[in-house]
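A short write-up of the structure that comes next.
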Protein chains: 2
Amino acid sequence: MSRTNLSEKACTVARAAEVFGDVWMMMILREMFLGGRRFDALQRQTGAPTASLSTRLKRLESVGVLRRDAYSEHPPRYEYRLTAMGRDLWPIVVSMKAWGDKWMGSGETPVEIIHKTCGHSVTPQMVCPDCHEPMQAHDAEPRLSTAFEQEREAARGKS
Amino acid sequence: MSRTNLSEKACTVARAAEVFGDVWMMMILREMFLGGRRFDALQRQTGAPTASLSTRLKRLESVGVLRRDAYSEHPPRYEYRLTAMGRDLWPIVVSMKAWGDKWMGSGETPVEIIHKTCGHSVTPQMVCPDCHEPMQAHDAEPRLSTAFEQEREAARGKS
DNA sequence: ACTACTGACTTCAATTAGTGAAGTGACCCA
DNA sequence: TGGGTCACTTCACTAATTGAAGTCAGTAGT
């Protein structure tokens with residue numbers, strides 16, 4: 001699907017990007033978190049061409065992000081459901097929504113997130129799991145593993 | 001750049017996806033959060049072809065995610081820096097890293113995130129800003145605005 | 001019995017985007 | 001004079017995407 005091969009890289013962002021670093025992937029995920037299950041619903045709500053949607057769903061299934069279940073044998077009809085792996089993508093979609101609301105939005109948000117346990121409409125926040133303080137880019141410092149450091153060193157040297 | 005026009009959609013995930021719903025965009029962002037500033041460093045560390053990198057950087061600049069500063073007049077040399085808008089993308093990249101580490105990783109993470117204020121190596125977590133409980137997909141319920149609901153209703157009806 | 005419709009797709013030809021390799025321009029260093 | 005760096009652009013080629021149309025297995029209506 002993508003011509004580049006990022007999956008052999010050490011960077012796990014690269015590996016994740018290979019899976020859903022694609023507009024349709026993100027639209028599909030958004031739609032599934034909104035409850036979309038069937039091919040034609042996903043198609044209409046994402047606006048993806050049939051062929052594009054089809055290749056993406058196959059890919060997501062082969063990765064393990066979603067499962068394709070028959071809900072009728074005759075005629076054969078299927079629906080797609082997120083697996084645990086797929087549900088774990090929720091923070092990514094929510095982060096994108098938060099960013100989109102803040103920087104690309106036009107005042108009112110199209111979707112509110114209601115926290116079931118407390119009932120409030122919320123914008124989930126990233127916090128440090130140790131000290132529970134909100135975290136942003138400038139609060140963090142990356143520390144590279146030696147293996148990853150070496151991969152980068154090699155890149156620096158070549159070409 | 002993308003053939004589809006998602007930016008006029010109400011959904012802010014769609015708008016965000018239009019900006020960086022692309023493998024190279026994500027790789028560039030990862031690299032910039034790791035401290036990459038110059039064209040050739042970004043190229044080597046992301047593995048992007050020059051032309052691809054060039055179009056992506058132009059696009060990110062035009063959106064306002066990064067700024068292109070001259071660090072030398074003669075010869076003309078530039079570096080790229082994230083704006084506030086760009087730094088706000090951090091939660092997305094971190095969420096992707098967390099997902100990649102968990103589901104695509106091979107034991108050891110290539111990059112640790114050190115929380116400067118507490119000094120710990122952490123995996124940032126999404127919490128409800130009201131009750132401070134960790135939040136996942138099943139803790140949340142989406143509520144659509146009437147405008148967005150109408151857009152979807154229209155999609156349901158056509159073709 | 002015939003026609004239309006639904007759902008989940010495939011196939012196809014035309015268009016568009018992405019690719020590696022090579023080239024450009026403005027310098028610096030020896 | 002020759003080579004090297006940096007930040008790109010241009011080009012010919014290949015690969016992916018697109019919209020439209022078609023397929024298959026049924027159900028519903030008249």
Side-chain angles (χ1 to χ4, degrees), chain A residues 1-6 14 17-28 31-32 35-62 66-81 155-159, chain B residues 1-6 14 17-28 31-32 35-62 66-81 155-159:
Chain A
M1 184 158 308
S2 61
R3 356 186 178 5
T4 39
N5 193 352
L6 264 32
E18 262 231 315
V19 175
F20 55 92
D22 174 303
V23 181
W24 296 131
M25 291 292 193
M26 293 183 181
M27 293 300 286
I28 291 167
E31 197 48 35
M32 296 201 77
R37 299 268 172 275
R38 299 200 330 253
F39 192 96
D40 78 317
L42 293 172
Q43 179 171 208
R44 282 188 235 276
Q45 298 302 337
T46 60
T50 35
S52 304
L53 181 57
S54 181
T55 60
R56 299 315 187 283
L57 289 172
K58 277 197 213 325
R59 184 151 167 68
L60 289 174
E61 193 194 355
S62 80
L66 49 79
R67 221 177 322 114
R68 184 168 170 270
D69 293 346
Y71 67 88
S72 153
E73 295 289 345
H74 295 289
R77 292 294 143 82
Y78 303 93
E79 60 182 12
Y80 298 89
R81 308 182 149 274
R156 223 164 289 147
K158 66 119 209 178
S159 183
Chain B
M1 182 158 305
S2 62
R3 9 214 164 345
T4 39
N5 193 351
L6 264 31
E18 261 231 316
V19 175
F20 54 92
D22 174 304
V23 181
W24 296 131
M25 292 291 193
M26 292 183 182
M27 293 301 284
I28 292 167
E31 196 49 34
M32 297 202 77
R37 300 268 172 274
R38 300 202 327 255
F39 192 96
D40 78 317
L42 293 172
Q43 178 171 210
R44 281 188 236 276
Q45 298 303 337
T46 60
T50 36
S52 305
L53 181 57
S54 181
T55 59
R56 297 315 187 284
L57 289 172
K58 278 197 214 323
R59 183 151 168 68
L60 289 174
E61 193 194 354
S62 81
L66 49 79
R67 222 175 324 112
R68 184 169 171 270
D69 293 347
Y71 67 88
S72 152
E73 295 289 345
H74 296 287
R77 291 294 144 81
Y78 304 94
E79 59 181 15
Y80 297 89
R81 308 183 149 270
R156 223 164 289 146
K158 66 116 211 180
S159 185

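So that the names make sense, note that chain A is the first sequence line, chain B the second, and so on, each numbered from 1. Source: prediction; values computed, not measured.
- Distances shorter than 4.0 Å separate some side-chain N or O of Arg56(A) from OP1 or OP2 on dT17(D).
- Qualifying side-chain contact (heavy atoms from CB on, under 4.5 Å) partners for Met26(A), counting only residues two or more places apart in sequence or in other chains: Met96(A), Ala17(B), Met26(B).
- You'll find the side chain of Ile28(A) reaches within 4.5 Å of the side chain of Leu60(A), heavy atoms only.
- Residues satisfying the side-chain contact (heavy atoms from CB on, under 4.5 Å) test with Phe39(B), not counting sequence neighbours, are Gln43(B), Thr50(B), Leu53(B), Ser54(B), Leu57(B), Tyr80(B).
- By the side-chain contact (heavy atoms from CB on, under 4.5 Å) test, Pro49(B) pairs with Trp24(B), Ser52(B), sequence neighbours left out.
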Please enumerate all protein N or O atoms sitting under 3.5 Å from an N or O of nucleotides 24-27 of chain D, with distances to 0.1 Å.
from    : atom 1 : to       : atom 2 : distance (Å)
dG26(D) : OP1    : His74(A) : ND1    : 2.8

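- Between Arg38(A) and Tyr78(A) there is no side-chain heavy-atom pair separated by less than 4.5 Å.
- Listed by chain and residue number, Ser72(B), Arg77(B) satisfy the side-chain contact (heavy atoms from CB on, under 4.5 Å) test with Pro75(B) (two or more places apart in sequence, or in another chain).
- Under the 4.0 Å criterion applied to side-chain N and carboxylate O atoms, Arg59(A) and Glu61(A) are not assigned as salt-bridge partners.
- Atom C1' of nucleotide dT18(D) and atom CG of Asp22(A) are separated by 14 Å, given to the nearest angstrom.
- At whole-Å resolution of the value, CZ in Arg37(A) and P in dA8(C) are 13 Å apart.
- Distance Leu53(A) CG to dA20(D) P: 17 Å, rounded to the nearest Å.
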With 3.5 Å as the limit, what N/O pairs link the protein to nucleotides 9-13 of chain C?
from    : atom 1 : to       : atom 2 : distance (Å)
dC9(C)  : OP1    : Arg68(A) : NE     : 3.1
dC9(C)  : OP1    : Arg68(A) : NH2    : 2.4
dC9(C)  : OP2    : Tyr80(A) : OH     : 2.4
dC9(C)  : O5'    : Tyr80(A) : OH     : 3.4
dT10(C) : OP1    : Lys58(A) : NZ     : 2.6
dT10(C) : OP2    : Ser54(A) : OG     : 2.9
dT10(C) : O4     : Thr50(A) : OG1    : 3.2

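- Protein atom CZ of Arg44(A) is 9 Å distant from nucleotide atom C1' of dG7(C), rounded to whole Å.
- Applying the 4.0 Å criterion to OP1 and OP2 of dA16(D), one finds that Trp24(A) has every side-chain N and O outside that range.
- Counting heavy atoms from C-beta outward, Leu66(A) and Arg81(A) have side chains that stay 4.5 Å or more apart.
- Per the geometry, CG belonging to Asp40(A) stands 16 Å off P belonging to dC5(C), to the nearest Å.
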